[in-house]
Number of protein chains: 2
Amino acid sequence: MSSKRVTISDIAQKLNISASTVSRALKNHPALKKETIKAVQDLANKLNYQPNLLALSLRQKKTNTIGVIIPEITSHFFSSIITGIQDVLVNSGYNIIICQSNESYKEELAIVENLLRIRVDGVLVSPSSRTKKFNHFSKLKQSGVPIVVFDRDCPNLEVDKVLVDDYDGAFQAIDYLIKSGCKKIAHLSGPKNLSTTNHRLQGYLDALKKNNLPVKEEYIVHASGFTHEEGIQPTKTLLRLKNPPDAIFAINDCIAISAMYIAKKLDFKIPEDISIIGFDDEPHTRYFKPALSTVWQPVYSIGMLSARILLSHLKNPDNTPKLRKEIFKPELVIRHSSIKI
Amino acid sequence: MSSKRVTISDIAQKLNISASTVSRALKNHPALKKETIKAVQDLANKLNYQPNLLALSLRQKKTNTIGVIIPEITSHFFSSIITGIQDVLVNSGYNIIICQSNESYKEELAIVENLLRIRVDGVLVSPSSRTKKFNHFSKLKQSGVPIVVFDRDCPNLEVDKVLVDDYDGAFQAIDYLIKSGCKKIAHLSGPKNLSTTNHRLQGYLDALKKNNLPVKEEYIVHASGFTHEEGIQPTKTLLRLKNPPDAIFAINDCIAISAMYIAKKLDFKIPEDISIIGFDDEPHTRYFKPALSTVWQPVYSIGMLSARILLSHLKNPDNTPKLRKEIFKPELVIRHSSIKI
DNA sequence: TTGTAGGCGTTATCAG
DNA sequence: CTGATAACGCCTACAA
C-alpha cells in the first residue's frame, strides 16, 4: 500500500477548509454551499482521491467483507456456488475472501481464526469432510459473526443452512435404476461422516428396501475423496467381484467418470452390462460417450440463496429470527449411461 | 462485525495497566516482567482476544491483502492457478480477494477501483478478453500497487509477467499433426485480440508454413469464448465444409470436446477420419473416449511464480528491479484423439 | 454554512 | 520495566 495516497485532509489543506467539510462535500451534504461541494469534488477527481475503506471500516466497525470457506475451489461444483455468492454479494457492495480448507480440519480452524482477526462481517461455509466438531463455527457466531452453512450440513450447529435433498437425489436415481431393470445396484460412496455422503447412502438403502431388493455390503464401497483418481480403485473392487453389479450409483460425476472408464477397460458395455449414474451434472458430463446420467443440483441458486440469507442478517443485526433451513430439490437427468425405462 | 469484541484496552483496564504494556506483552517484548507477560496472555486467551487487523492495517499502511483478478473462476484452468497463488500467499500471511471480471472490461474497471479503495498491497491479474486498454492497470501501478500479469499478456504494459509460450504449444501440436500425416488442419481459435489466441494462431500458421502446407482461411474459425456451447457452431461450420479438415487444433479442451462430440455425431471417426487436439489438459480429458490429446500448461506453477514475484516486490517496496517476464513451456500430451506418429 | 473535538484499535516514540 | 501521547484516515455530534 502506497503512503503517497491522497487523503481528505490533503484536499482540505489545499482548499483551506476543514477536513469535515471535505468529508461532507464528498457525499453531497445538503447543507453545504454548492461552490464548496464543486470545488472539493473537482479537486478530489483531479487528485484521484480514493476513500480509504480501512479507516471507514475501523470507525464503523464494519468491514463489508464476507468470508467464504469451501473445501476446494477447483471443483466445478464449488466454484459455481461461489459465482452465485459473488453475484449477490458484490452487487451489495461486499468484498469476499475465499478460503480453501483443502478438506482439512486443521486448515479450517486456522481460516476461522484469520476471519475473526480481519473482522469479516459474516461467513458462508461448507465444512471440510474431516470436520467433526463445529466449535470453531460456534465461536464465530458467539463473536457476533452471522454464519450460513451450505451444501454440507453441520449437525447440531444452530445456524442458517442451505442444503440439497441428497437423500431424495439418491432415492430418485436408485428407484429409476430399479425400474429400468437393474437388480444388483452398487454405490460408490464418498468420504464417511460427511452429511452429503450419509444422506445419499441412506437414500440408496431406502430405495432398495422400498423395492424389496437386498442390501449387499460388498456393493457399498467408499471413495476417500471426490477426484477421478480416488474413484479408480473402488470401481475396480466393485467390478472384480465374483458377482459384479449391473448398476453403479456414484457419489459424484468425477467418480462416475472413473467408473465408466474402468468399466469400459474391463469390457463392460454401458449401459447394456452396467448402468452408471453420477451426481452434480458437471458441464463435461453430457459430452461423454455414453453421455452420463446424473443428478443435477442447483449450484448457482445455492450460492445465491446462501448469500441472500446472510445479507438479511447483516441488514437487521439485532433481531434473531428463527433459524432457516432451506432445502433444494435435486433433479435426475437421464442420458445414455443408464438404461431408459 | 460485532462491537463487543475484546480490545487491548479492555485487557489493560482489567489488569490495571496501560494499553501499551498489553500490546508489548502480547508480542513477548523482552523488556517486560515475565509475570506481566503471563498475566496479559492468560487474560487474552481467557477473553478470546483477537487482534484487530483493521487497526493494524490503518496504522501500518499495509493491509496484507492481495487482489486477484481473473476472467472467471469456474474454469479448471483459472481455479488451479488460484490454488497456486493461494498456497504461496496464504503461507506468507496474506489474504486474497478473488475478483471475476466475467470477461467484461467494464467489470474489470470497477474491480480495479474497488481494489484501490480497499488498499490492497498488490494485484495479480489476467485481463478479460475484451480488455484492449490497460490504463486502469497503469493507474494501480502509479498508485504504488505492484502488479503481476499472468497467462494473458497486456502488450505495452510495463509490469512483471508470467506467461506461457502459447506459440510454442500450438506449433508443437500442429507439427505433430503434420508428422502424423494430417494435411488439412483446421484451427478452432478463440476470442480475437486476446494474446493467447493470437500467439496460438501464429504458432499454427508458422507450423503450416514451415511444413509447406497452405493456409486456408476457411480452416480458421473463431469461437466467441471458451465454453462447450461456444464450440458447437464453429465445429459444425468446419465439418460441413465441402472439403472438411482431417485435423482440428482447438483453443482449449472444452472446445475440443465439443468438436469431438460433433464429429462423432456427424460420423467422423476419431482419429481415423479426423484428429483432434485441445489445450490445457483438464482433468476430465483423459477419461474421454478417445482420450483427448492436448497441450498441458503448468497451471499450478504459473500461480506460484506469479505470487512469488509479487511477494518479492512487497518485501523490497523501494527498489525497482528490471521487469521480469517469465515464460513457461507447455507440453504436448498425445493420447488417442490424434493419430500416433 | 463550516469548524472542532473525539474516537474507532493499535503501536512507535519518548518519558519516567 | 511501564505509562502517556500521538498518529493512521475518516466520520459525526456539537459548537459557532
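FYI, side chains are in, hydrogens and waters are out, and symmetry mates aren't considered; it's all heavy atoms of this structure. Below, read A as the first sequence line, B as the second, and so on, with proteins coming before strands; counting in each chain starts at 1.
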Can you find a side-chain donor-acceptor pair between [X] and [Y] that sits under 3.5 Å?
| X | Y | answer |
| --- | --- | --- |
| A:Asp10 | A:Tyr49 | no |
| B:Asn64 | B:Lys62 | yes |
| B:Glu107 | B:Ser101 | no |
| B:Thr131 | B:Ser128 | yes |

Which nucleotide, [options], lies nearest any side-chain atom of [X]?
| X | options | answer |
| --- | --- | --- |
| A:Ser23 | D:dG9, D:dC11, C:dT13 | D:dC11 |
| A:Arg24 | D:dC11, D:dT12, D:dC1 | D:dT12 |
| B:Leu58 | C:dT2, D:dG9, C:dT10 | D:dG9 |
| B:Arg59 | C:dG3, C:dT11, D:dG3 | C:dT11 |
| B:Lys33 | C:dT1, C:dT4, D:dC1 | D:dC1 |
| B:Thr7 | C:dT1, C:dG9, D:dG9 | C:dG9 |
| B:Asn52 | C:dT2, D:dC11, C:dT10 | C:dT10 |
| A:Thr36 | D:dT12, C:dT2, D:dT2 | C:dT2 |

**Report entry** Salt-bridge present (A:Lys322, A:Glu158; N to O < 4.0 Å)
**Finding:**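 Looking at A:Lys322 and A:Glu158, the cut-off is not met.
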
When the distance from [atom1] of [X] to [atom2] of [N] is rounded to whole Å, what number comes out?
| X | N | atom1 | atom2 | answer |
| --- | --- | --- | --- | --- |
| B:Gln50 | C:dC8 | CD | C1' | 18 Å |
| B:Leu26 | C:dG9 | CG | C1' | 12 Å |
| A:Ile8 | D:dT12 | CD1 | C1' | 12 Å |
| A:Gln60 | D:dC11 | CD | P | 7 Å |
| A:Asn16 | C:dT1 | CG | P | 20 Å |
| A:Ile17 | D:dC10 | CD1 | P | 14 Å |
| A:Asn28 | C:dT1 | CG | P | 14 Å |
| B:Lys61 | C:dT11 | NZ | P | 17 Å |

Report task. Please check the phosphate of D:dG3 (OP1 and OP2 only) for any side-chain N or O of B:Ser18 closer than 4.0 Å. Result ->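 Yes, within the criterion.
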
**Report entry** Axis deviation across the helix from C:dT1-D:dA16 to C:dG16-D:dC1, five-pair ends, to the nearest 10°
**Finding:**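 Between the first-five-pair axis and the last-five-pair axis there is 50°.
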
Query - Residue met sooner reading DNA chain C from 5', once B:Ser9 and A:Lys34 are mapped to nucleotides - result: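 Nearer the 5' end of the strand: A:Lys34.
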
Query - Option from B:Thr65, B:Val68, B:Ile82 for which side-chain contact (heavy atoms from CB on, under 4.5 Å) with B:Ile96 holds - result: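 Running side-chain contact (heavy atoms from CB on, under 4.5 Å) over B:Thr65, B:Val68, B:Ile82 with B:Ile96 returns exactly one hit, B:Val68.
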
Query raised in the report: Which heavy atom in B:Arg152 sits nearest to a heavy atom in B:Leu163, and how many Å separate them?
Result: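 What the structure gives for the nearest pair is C-CD2, 4.2 Å.
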
Query - Distance-only donor-acceptor test (3.5 Å): side chain A:Ser20, base C:dT4 - result: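 Pair found.
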
Query raised in the report: Okay, side chain of B:Glu103, backbone of B:Ser129: is any donor-acceptor separation there less than 3.5 Å?
Result: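 Yes, because the side chain of B:Glu103 sits within donor-acceptor range (under 3.5 Å) of the backbone of B:Ser129.
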
